[in-house]
Structures are given as C-alpha cells and as structure tokens.
Trainee: 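Please find one structure pasted underneath; my questions will follow.
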Amino acid sequence: MMSSTFDTVANIIAETCDIPREKIQPESHAIDDLGIDSLDFLDIAFAIDKAFGIKLPLEQWTQEVNDGKATTEQYFVLKNLCARIDGLVAAKGA
Amino acid sequence: MRIEYFQLIDRIADLDLDGRTIRVDAQVPNQSTIFEGHFPGHPLMPGVLLIEAMAQTSGWLVIAATKFERMPFLAAVKEAKLRSFVIPGQLLSITAKLLHDGSGFAMTKASVSVGGKTTCEAELTLRVMPFPDPRLRVNMEEMAARIGFPKQALAHG
C-alpha cells in the first residue's frame, strides 16, 4: 500500500510541479527539499484528493503547524504524507 | 455592474448546489472612465475584469456551498481564454461549476457568454478561509441581498 501510495504521490508532484521524478524520494520534504510553495501544493492536494477519493485536511494541518502543535515534517515529508493518505483512505473504507 | 467598485455581478439567476453550479447576469455599463482609457475610440471590457467577473461568480458559488461561513479569494487562474471582444452595454451571462471543494481551497471552471456565445473561460483556484474581518462579512451579506442571493441555499442540506 505504502509504496503504491508513494508512487502515485511522487508522480503527481513530478507532473504538477515539473520536478524530475528521481529527485522525489520518501524522505523528501515537499517544502524544504522540493521547493513546493503553498499555492503549488493546492494543485497537488487537488490531484491527491481526486486520486484517492479523500480530502486532505490542509486547514487543520496548517493550523496545527501555526499553533506549534505539529511540525511541517509530520505532514510534508513525503513518507509521512503518504502514511496520512493511507490513514484517510482506510478511515473512508471503515 | 458597479465596475469602479469591482462589484461586477448584478444578479444571481440560478444556483444549483446539488449540481454545484451557478449562473449570474452582469451588465457591462455603457459609460465608464475605464473605457476612456481602454481604449480611446475602441472601448473594450478589460480581459482582467472578465476574469475577475468569473472569479466573483465562482466566489458566490463557494459562499453558498460553505453556507456563508467562508470567504473565497482568487489564488490562481489557469487556461484563461478571451475569445472575443466584450464591449460597453453588453449583457454577460456567467456560469461557474465547482470542480473540487478542498480543505481551504476550491477549484472552479467558469465561462462568460454574450447572446448565448461563449466569449471567455478559465479554470480558477480560490483560497477559502474564515472571513478575516466582520465588516467584510457584513458587506458581503449586503451585496448578497442586492444581487438576489437565495437565502434558502443557506438552509440547504
């Protein structure tokens, strides 16, 4: 599950942001390593939402980061993002 | 259309929250200082204002979908096409469809038609957030009453 989730997300990022696919790794931080800004991330979120049939809770995540209750690594390092996606997909099917 | 105030929508003609679509009317004024400069002897509705009109149409759809709890702000314009001139005095029919209702953002596809012919279209991204100032919400509610925003939409679903 995780590897296919990662492949889907990495392909979305590569296509949406014109980033070489090989540069996108599970350890990559979408903002700090890949240079994706918040506006570009909306296109990624749109594609992820559609691909997985979920709604990434970006507002909640942003609020938690702004409030110091979470770090950006928890949401925007790709392996962590993929784990969140898997969790949302599982919750949807439950 | 109160073009100098950037209030471009005159009337909500149709709002379908199940179909996630909206249609509005917007009357381009015959006279405006904008047309004196854009352009002398060849007055045209500026393309950026047509895009803004599509953004405002999309915005009313988002406001209805969020039951007047959120304010949309234009964030990105994609695939914008201005197919023909729009001139003073023309009546615009503007439609928007909500493509995606994301967390803190929305994507729409909008178009402008004159006399049944599509003249402009674009895909728009809107950031959607709580009203940043209560005066803005009051102002939007006043505008909603003026343009016939269907209050029953707020009770929908």
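Order of the sequence lines sets the chain letters (A, B, ...), proteins ahead of strands, with each chain counted from 1.
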Trainee: More than 12 heavy atoms of other residues, nucleotides or ligands under 6.0 Å from CG of A:D18: is that the case?
Mentor: no
Trainee: Linking I/L/V/M/F/W/Y whenever their side-chain heavy atoms sit closer than 4.5 Å, directly or via other members, would A:I85 and A:V77 fall into one cluster?
Mentor: no
Trainee: Closest heavy-atom contact between B:F105 and A:F46?
Mentor: CZ-N, 3.8 Å
Trainee: Check for me, please, whether B:M129 and B:L126 land in the same ILVMFWY cluster - side-chain distances under 4.5 Å, paths through other members count.
Mentor: yes
Trainee: Between A:P57 and B:S103, which heavy-atom pair has the shortest distance, and what is it?
Mentor: C-OG, 3.5 Å
Trainee: Does any non-hydrogen side-chain atom of A:D43 lie less than 4.5 Å from one of B:K78?
Mentor: yes
Trainee: Under 4.5 Å between side-chain heavy atoms, hopping through other hydrophobics if needed: is there a path connecting B:V86 to B:L44?
Mentor: no
Trainee: Determine whether A:I48 and A:L39 fall in the same hydrophobic cluster, where Ile, Leu, Val, Met, Phe, Trp and Tyr are linked whenever their side-chain heavy atoms lie under 4.5 Å apart.
Mentor: yes
Trainee: Please round to the nearest 0.5 Å and tell me the distance separating atom CG of A:L42 and atom CE of B:M107.
Mentor: 6.0 Å
Trainee: Please tell me if the side chains of B:V128 and A:E59 come closer than 4.5 Å, counting only heavy atoms from C-beta onward.
Mentor: no
